[in-house]
K.L.:
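The structure follows.
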Amino acid sequence: MSRRQLFWAGAFGSLLLSLSLNLSVGAGAIGPGTVFDAIFRFDPETYEHFVVLYQRVPRALIALQVGATMACAGAVLQGLTRNPLAAPATLGISAGATVAVLIGVYLFDLGMQAQGLSALAGGLLGFLCCLAVARLVARARDPQGLTLILSGALVSMLLFGIANALLLSDPSRRTDFLAWVTGNINHFYADRLAMFWWIGALALLLLLILARPLTLITIGAEKAAAAGVNVPVVTGAALIAVAFAASSSVAICGPVAFIGLVVPHIVRPFVGGAFGLILPAAAVTGAVVCLLADLFARTAFAPYLLHTGLVMDLLGGAVFILIVKRRYLTARTRRPA
């Protein structure tokens with residue numbers, strides 16, 4: 001069995017295992033048979049069936065959606081920008097979607113459906129602001145792309161500062177969004193999942209359709225154009241799809257950061273650089289990582305619960321440091337004088 005086949009076997013096996021654990025493990029352990037009965041033979045008089053169907057299943061579905069969309073978004077961003085630090089959380093998309101939802105709620109009292117639309121607009125606007133700042137400070141003279149990441153960090157800090165100011169401005173509403181703004185996979189957001197999941201699904205479908213031309217673009221824009229690829233149109237469509245995919249996840253449960261940063265680095269050594277393989281691999285692996293992070297958040301300090309976003313921040317922060325050290329600091333020390 002080849003290395004790639006081993007990866008796929010391990011990825012799907014890990015997905016089934018992490019999903020089973022997510023449904024079975026919690027404040028009270030529930031056996032696989034009871035989980036199966038709760039899903040396919042629901043008994044309204046059985047307490048465990050209610051726990052599985054109305055608490056654990058929604059959490060698992062949210063984790064699947066968030067993990068898959070964020071991981072694929074990060075893979076495309078890293079490929080198109082040729083920067084290993086690119087991700088929705090580092091390029092202003094997550095922060096833009098977050099602050100747009102809060103502005104819509106606090107200033108315009110928007111309903112849930114309108115909040116989703118504002119998240120899409122905010123995520124795209126946050127990314128455009130990041131690109132504008134990077135261009136303003138002469139990204140062309142930064143071949144390693146560090147300016148782009150620093151611009152994303154600056155824009156994200158500014159936007160999250162606005163988000164925190166909005167939360168502090170209305171204490172009566174603060175409790176409704178305080179958990180959401182940190183990235184909280186919770187069954188309370190099942191209605192949001194039902195309303196916005198299809199946006200991320202359509203965005204991922206578009207990225208899969210564009211997988212081949214995107215792969216050609218990452219090899220070289222001139223070679224892609226010579227092969228008949230409309231580089232500006234494909235790049236623009238892919239970036240919009242990325243912004244919508246990540247923003248739909250933020251609209252559901254808030255900014256669960258760094259999945260888009262970590263997962264592409266996990267899958268790329270196994271499946272190579274072609275997006276036709278990277279995107280499915282990232283979707284499956286991202287779902288596994290998010291399911292395990294949510295399981296850790298629920299059980300590690302029981303009976304206390306952590307927010308999944310905090311767990312991902314710890315993991316992503318460590319990976320961020322390693323990538324910066326490897327790509328920027330080590331590269332500089334090795335560069336000849």
Side-chain angles (χ1 to χ4, degrees), residues 2-15 18 63-64 66-94 127 130 143-146 148-150 152-153 156 183 204 207-208 211 214-215 217-219 238-239 242 245-246 249 255-294 296 308-309 311-332 334:
S2 68
R3 187 180 185 185
R4 185 174 296 175
Q5 290 172 329
L6 285 173
F7 167 79
W8 286 113
F12 284 109
S14 298
L15 180 62
S18 58
L64 290 172
V66 172
T69 53
M70 285 295 191
C72 290
V76 173
L77 286 174
Q78 289 176 16
L80 289 179
T81 63
R82 295 177 176 82
N83 193 308
L85 296 175
T90 59
L91 296 184
I93 297 175
S94 296
F127 180 58
C130 172
Q144 290 186 306
L146 184 59
L148 180 64
I149 302 302
L150 294 177
S156 296
L204 294 189
L207 291 176
L208 283 173
L214 283 174
T215 302
I217 291 174
T218 58
I219 295 174
L239 292 177
V242 163
S249 295
V256 179
F258 290 114
I259 294 179
L261 172 66
V262 174
V263 172
H265 293 283
I266 297 175
V267 304
R268 201 174 287 115
F270 295 98
V271 300
F275 280 107
L277 293 174
I278 288 179
L279 290 175
V284 175
T285 307
V288 171
V289 170
C290 203
L291 284 168
L292 293 177
D294 180 55
F296 180 85
T308 311
V311 176
M312 292 308 306
D313 284 345
L314 292 174
L315 174 62
V319 175
F320 189 92
I321 293 172
L322 291 175
I323 297 173
V324 169
K325 182 178 185 299
R326 180 178 179 182
R327 178 173 174 86
Y328 297 105
L329 301 182
T330 305
R332 287 186 177 182
R334 292 178 180 175

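As a basis for the values below, the full set of heavy atoms in this structure was taken, side chains included, without hydrogen atoms, waters or symmetry mates.
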K.L.:
Apply side chain to side chain contact (heavy atoms under 4.5 Å, CB included) to I217 and list each qualifying residue two or more places apart in sequence or on a separate chain.
P.N.:
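Partners of I217 under the side chain to side chain contact (heavy atoms under 4.5 Å, CB included) test: L80, A224, V229, V231, V234, T235.
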K.L.:
Going by heavy atoms in the side chains, are L148 and L85 under 4.5 Å from each other?
P.N.:
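L148 vs L85: side chains apart.
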K.L.:
Would you compute the distance between atom CG of L207 and atom CG of L239 and round it to the nearest 0.5 angstrom?
P.N.:
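Nearest 0.5 Å value for the CG-CG distance: 9.5 Å.
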K.L.:
Any side-chain heavy atom of T90 within less than 4.5 Å of one from S156?
P.N.:
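In short, these two side chains do not touch, never coming nearer than 4.5 Å.
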K.L.:
For S18 versus L291, what's the shortest heavy-atom pair and its separation?
P.N.:
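Minimum heavy-atom separation between S18 and L291: OG-CD1, 3.5 Å.
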K.L.:
Got a sec, which pairs hit side-chain hydrogen bond (donor to acceptor under 3.5 Å, both in side chains) with one end in residues 268-292, sequence neighbours left out?
P.N.:
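As it turns out, the side-chain hydrogen bond (donor to acceptor under 3.5 Å, both in side chains) pairs with a partner in residues 268-292, which skip direct neighbours, are Q78-R268.
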K.L.:
Nearest heavy-atom pair of M312 and I259: which atoms, and what distance?
P.N.:
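Taking every non-hydrogen atom into account, CE-CG1, 3.4 Å.
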K.L.:
Find the distance between CD1 (I149) and CG (L261) and round it off to the nearest 0.5 Å.
P.N.:
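So the gap between those two atoms works out to 8.5 Å.
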K.L.:
Is there a side-chain contact between V289 and V262, using heavy atoms and a 4.5 Å cut-off?
P.N.:
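No, their side chains stay 4.5 Å or more apart.
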K.L.:
Please name the pair of heavy atoms, one in A75 and one in P264, separated by the smallest distance, quoted to 0.1 Å.
P.N.:
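Where A75 meets P264 most closely, the heavy atoms are N-CG, 3.5 Å.
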K.L.:
Search all heavy atoms of A87 against all heavy atoms of L77 and return the closest pair with its distance.
P.N.:
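For A87 and L77, the tightest heavy-atom pair comes out as C-CD1, 3.6 Å.
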K.L.:
Given the rule in the side chain to side chain contact (heavy atoms under 4.5 Å, CB included) test, do V267 and V284 qualify, once you have shown the distances and angles that lead to the verdict?
P.N.:
CA-CA 10 Å; V267 304; V284 175; over 6 Å; no
K.L.:
So which atom in A287 and which in L15 form the shortest heavy-atom distance, rounded to 0.1 Å?
P.N.:
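Nearest pair, atom of A287 first, then L15: CB-CD1, 4.0 Å.
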K.L.:
Under the side chain to side chain contact (heavy atoms under 4.5 Å, CB included) rule, collect the residues that match up with A153, sequence neighbours excluded.
P.N.:
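Result, side chain to side chain contact (heavy atoms under 4.5 Å, CB included) vs A153: none returned.
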K.L.:
Test of understanding: with side chain to side chain contact (heavy atoms under 4.5 Å, CB included), list the residues that count as partners of V311, not counting sequence neighbours.
P.N.:
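V311 satisfies side chain to side chain contact (heavy atoms under 4.5 Å, CB included) with A293, F296, A297, L306 only.
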K.L.:
Are V242 and F127 packed together at the side-chain level, in the sense that at least one heavy-atom pair is separated by less than 4.5 angstrom?
P.N.:
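Counting from C-beta outward, V242 and F127 never come under 4.5 Å.
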K.L.:
Give the table of side-chain donor-acceptor pairs shorter than 3.5 Å for residues 5-13, with sequence neighbours excluded, one pair per line with atom names and distance.
P.N.:
residue : atom : partner : partner atom : Å
Q5      : OE1  : S2      : N            : 3.0
Q5      : OE1  : S2      : OG           : 3.4

K.L.:
Which pair of heavy atoms, one from A238 and one from L214, lies closest together, and at what distance?
P.N.:
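That closest heavy-atom pairing would be CB-CD2, 3.7 Å.
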K.L.:
Could you tabulate the donor-acceptor pairs under 3.5 Å formed by side-chain atoms of residues 274-281, not counting sequence neighbours?
P.N.:
none

